[in-house]
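Data first, discussion second: the structure below is written as structure tokens.
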Amino acid sequence: MTEYEIKKQICEIGKRIYDHGMVASNDGNISVKINDNEFLCTPTGVSKGFMTPEYICKVDANGKVIQANEGFKPSSEIKMHMRVYKERPDVKAVVHAHPLYATSFAIAGIPLTEPIMPEAVIALGCVPIAEYGTPSTEEIPDAVSKYLQYYDAVLLANHGALSFSDSLLNAYHKMESLEFYAQLLYQSKMLGGPKQLSDSQVQRLYEIRRQFGLKGKHPADLCPNAKAGKPSCHSCGGSCGGSCGSDDSDLIAEITKKVLAAMGK
Ligand code: 13P
């Protein structure tokens, strides 16, 4: 793809996230890696639904402007995008949006970790919540950083969602899947609560994902328990280092059950 074609694709994806209600007004931002020191990104303060290629800015690996047309400055969240590229060399595109359901979960402090449908388990794994940070500061990159090696999408507490992948289309699809999953989780909670897939059903889905050879970070490939075919809590995403099915977690689950029973829940 030429640089101009990538700029056009950024505009198309911007229109899509706007038209699908994943951003309101001037919210959200998108970036694409061209090479180790050149990145294209959306400008700050414009509606992502009405961009043309002339809007798109070019920055270096530190987020400093290489080229921007008059009246345009790189996104105020460029530091967050750059941290993803720095710590995940496999990532070629980053999408940040405020989708209604996913952002509601991010505001309520509920991560998207319940295994409720095969596609979400296979494609997304689970989506944790990075601690709140003030937009445009280093606080968000710092908060997101600890999840980058284990996940391909994170919620940003009281803010929105971030997805990243090996192409812009895949990063966008990840955002779309996470919002659909958040919507299903919300609706099923309204209907009395989802019936979660069992450990063995989750393990079979992990196996399918491995057979497909899907790229990215996922508990199926990262969680030592899941890889060994042992129960994994799914929600660890791999970051537990194998302790999610350990005696400790069983003990904690048992204590939690007893406390809830004592409280009459
Ligand atoms: P920018 O317009 O600066 O990219 O910011 C939009 C946004 O959503 C901040 O979180």
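In each ligand, atom 1 is the first atom listed, and ligand 1 is the first ligand listed. Nothing here was measured: the structure is a model prediction, and the numbers come from that model.
- For ligand 1, the atoms closer than 4.0 angstrom to any heavy atom of N26 are 2 (O), 6 (C).
- Near N29, meaning under 4.0 Å from any of its heavy atoms, are these atoms of ligand 1: 1 (P), 4 (O), 5 (O), 6 (C), 7 (C).
- The proximity of K48 to ligand 1, defined as any non-hydrogen pair under 4.0 Å, is limited to the side chain.
- Contacts between P135 and ligand 1 below 4.0 angstrom, taking non-hydrogen atoms only, are absent altogether.
- In the vicinity of H98, heavy-atom distances shorter than 4.0 Å reach the ligand 1 atoms 8 (O), 10 (O).
- Under the 6.0 Å cut-off for aromatic ring centres, Y55 and F50 do not qualify, their centroids lying 6.0 Å or more apart.
- When side chains are defined from C-beta on, F72 counts as touching V46, because their heavy atoms get closer than 4.5 Å.
- Of all the atoms in ligand 1, the ones that sit under 4.0 Å from a non-hydrogen atom of E77 are 9 (C), 10 (O).
- No N or O atom of V46 sits closer than 3.5 Å to an N or O atom of ligand 1.
- Contact atoms of ligand 1 toward G28: 4 (O), 6 (C), 7 (C), 8 (O) (distance under 4.0 Å to a heavy atom of the residue).
- With values rounded to the nearest 0.5 angstrom, K92 atom NZ is found 12.5 Å from S31 atom OG.
- Using cut-offs of 30° and 60° for the angle between ring planes, the F39 and Y85 rings count as tilted.
- Shown in contact with H159 at under 4.0 Å from a heavy atom are these atoms of ligand 1, numbered in order with element: 10 (O).
- Atom NZ of K230 has 12 or fewer neighbouring heavy atoms from other residues, nucleotides or ligands inside a 6.0 Å radius.
- With sequence neighbours excluded, no residue forms a side-chain hydrogen bond (donor to acceptor under 3.5 Å, both in side chains) with Q183.
- With no hydrogens or angles considered, a side-chain donor-acceptor pair links H81 and N29 at under 3.5 Å.
- Among all protein heavy atoms, the one lying closest to atom 2 (O) of ligand 1 is G45 N, 2.8 Å.
- Ionic pairing of D90 and K215 is not present here: no N-O contact between side-chain nitrogen and carboxylate oxygen is shorter than 4.0 angstrom.
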Verdict with reasoning, K15 to D19, per salt bridge (Lys or Arg N to Asp or Glu O under 4.0 Å): CA-CA 6 Å; K15 180 165 165 38; D19 288 351; 2.7 Å; yes
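- Each of the following atoms of ligand 1 lies closer than 4.0 Å to a heavy atom of S75: 1 (P), 3 (O), 4 (O).
- Ligand 1 places these atoms under 4.0 Å from at least one heavy atom of T44: 1 (P), 2 (O), 3 (O).
- Counting heavy atoms closer than 4.0 Å to ligand 1, residue T42 contributes nothing at all.
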